[in-house]
Protein chains: 2
Amino acid sequence: MNSRTALAELPQIERRTLSETTYDALSDLLASGRLAPGDRLSLRQTAAALGVSVMPVREAVSRLVADGALEVAPNRAVRVPIMSAAGFRALAETRMAIEGMAASRAAAQRSQGQLAAIRRAEAAFRLLAESERPDGARAVALNRDIHFAVYAACGLDPLREIIARLWLKAGPIINLDLRAHPARLERGSAVRRHAEVLAAIEARNGPAAAAAIAADIDDAAQFILSRGGLRDEPS
Amino acid sequence: MNSRTALAELPQIERRTLSETTYDALSDLLASGRLAPGDRLSLRQTAAALGVSVMPVREAVSRLVADGALEVAPNRAVRVPIMSAAGFRALAETRMAIEGMAASRAAAQRSQGQLAAIRRAEAAFRLLAESERPDGARAVALNRDIHFAVYAACGLDPLREIIARLWLKAGPIINLDLRAHPARLERGSAVRRHAEVLAAIEARNGPAAAAAIAADIDDAAQFILSRGGLRDEPS
DNA sequence: GCTAGTGATGTGTGATCACAGTTAGGGCCG
DNA sequence: CGGCCCTAACTGTGATCACACATCACTAGC
């Protein structure tokens, strides 16, 4: 047992399956809005693009279908769901309720370190939004960072996972829009809401944090609905 | 086109894949507590039991793993997760917050028909709980019925789906206990809480409905924690 | 007597093949 | 020239095979 101590220092080899890697890749595509509602997805084509067999893609897609982030049409074609305006409104309302609750708990429970992480994320987003010609893709990523820095501070892991899934469903709509029209940032509404969230969490003011997060979500939802890109009638 | 009207009356043939059927079968096993935490699941064995190939089972299991209702150990063994006491507490707290919120919305928005459905479910559960020798399996099913009758009335489909997933995670613990010890019903706490929920929803009293649902969840959680079947230290 | 190595068995994962079904396009007939 | 049909390519689903790995019982060695 001479090497007992040396062995203890070995890092665990992380074992990732191809399915997981594929799932992450597709999730990222969806969450960042690079896959738009209505886009079709071929198992074989994506498998070829990733350099794997169809098997891992099947498992990843079936998980995303279970999450509601993808759907298989009765034609058996896999595509990004086209949400009705009513469906989008219900999703936004659910997000306001749940993410607001998470923000409220975060305000009450956050540690110093978590607060610092939120501060950093907020500063990074503000810096980008106020720059000359904001990059849509980066804005999407930084917006996600700040939101999840807040949700990580709520202390309830299951709640954080639930929110991650909600973002997967809303991502293609929200972020496609933000990607395509980063000019929306110039209205400054997002920056203002984020500042309100940060201030409320600093002050340990739960209701204010919930209201600010809900307002942030509502602002974006109203903006997208007002643009009228979503159909009103379910097919 | 003489038969246009006749054709219009034909019900859609529902196309279910074997994967979905398998998923439902396994979900039912989990939700009803017939699969206990720690139980291992072999793909080949369950495939043989269901009379299908391993493929559908793989997809169903991978979805359940994504939901957190199953887990694959680093040994590559599929099993029902063994939750720590802390994890169970976090899950219960999340449920109290989310399901309470759903109940509150249900109180505000319920239609007459939905209210009637809740009444029927509550009556059925009460009848069983007050019977001589209550059947554990039936109690599990009826308890589920009443809760989801409430959540169906909240008007937010995404919220209902989230709760269904939470139940999948909590099912093995909660319902294994209720199945094994239906005598718990004799304490009457569940019946009382359900009555409170119903009364609050009848009176369109949102906060009271949320409190009653949260209390119902908390009662069961405290009871199970007090029994001490869950380990305190994560392995 | 106890530990370390070795084999058989079963595990999940991934690739490949087979199939029913759909879709799109080109050629034939009116 | 326009409409229909038929074919060929492609879709997801399911089965089967191949493989690396984990587990457990067993035996040989110290």
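By convention in this document, chain letters (A, B, ...) are assigned in the order of the sequence lines, proteins followed by strands, and residues within each chain are numbered from 1.
Between R79(B) and D39(B), none of the side-chain N atoms (NZ, or NE/NH1/NH2) sits under 4.0 Å from a carboxylate O, so this pair counts as no salt bridge. Between E161(A) and R165(B) there is no salt bridge, since no side-chain N of the basic residue sits under 4.0 Å from a carboxylate O of the acidic one. Here D219(B) pairs with R193(B) in a salt bridge; the nearest charged N to carboxylate O distance falls below 4.0 Å. Look at R160(A) and E99(A) and you find no salt bridge, because none of the NZ, NE, NH1 or NH2 atoms lies under 4.0 Å from a carboxylate O. A salt bridge links R16(B) to D24(B): at least one charged side-chain nitrogen sits closer than 4.0 Å to a carboxylate oxygen.
Between R16(A) atom CZ and dT13(C) atom C1' there is a gap of 15 Å when expressed in whole angstrom units. dA15(C) atom C1' lies 11 Å from atom CG of L18(A), rounded to whole Å. L43(A) places its CG atom 15 Å from the P atom of dT16(C), with the value rounded to the nearest Å. Here the C1' atom of nucleotide dT13(C) and the CG atom of L41(B) are 16 Å apart, to the nearest Å. Protein atom CZ of R79(A) is 15 Å distant from nucleotide atom C1' of dG12(D), rounded to whole Å.
Put simply, S19(A) has no side-chain N or O that comes within less than 4.0 Å of OP1 or OP2 on dT13(C). Dashed line: the shortest gap from a side-chain N or O of S42(A) to OP1 or OP2 of dT11(D) is under 4.0 Å. For the pair Q45(A) and dC10(D), the criterion of a side-chain N or O lying under 4.0 Å from OP1 or OP2 is not met.
Considering only heavy atoms from C-beta on, Q45(B) stays 4.5 Å or farther from R40(B) through its side chain. Residues F125(B) and N143(B) form a side-chain contact, since some pair of their non-hydrogen atoms from C-beta on lies under 4.5 Å apart.
A donor and an acceptor atom, one from each side chain of S62(B) and E59(B), are nowhere located under 3.5 Å apart.
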Are any protein N/O atoms closer than 3.5 Å to N/O atoms in nucleotides 19-22 of chain D? If there are, list each pair with its distance.
residue	atom	partner	partner atom	Å
dA22(D)	OP1	R15(A)	NH1	2.6

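The salt bridge (charged side-chain N to carboxylate O under 4.0 Å, His left out) analysis of residues 28-38 of chain B, with sequence neighbours excluded, yields the pairs D28(B)-R34(B).
For DNA chain C, the neighbouring residues in residues 46-63 of chain B, judged by any heavy atom under 4.0 Å, are R58(B).
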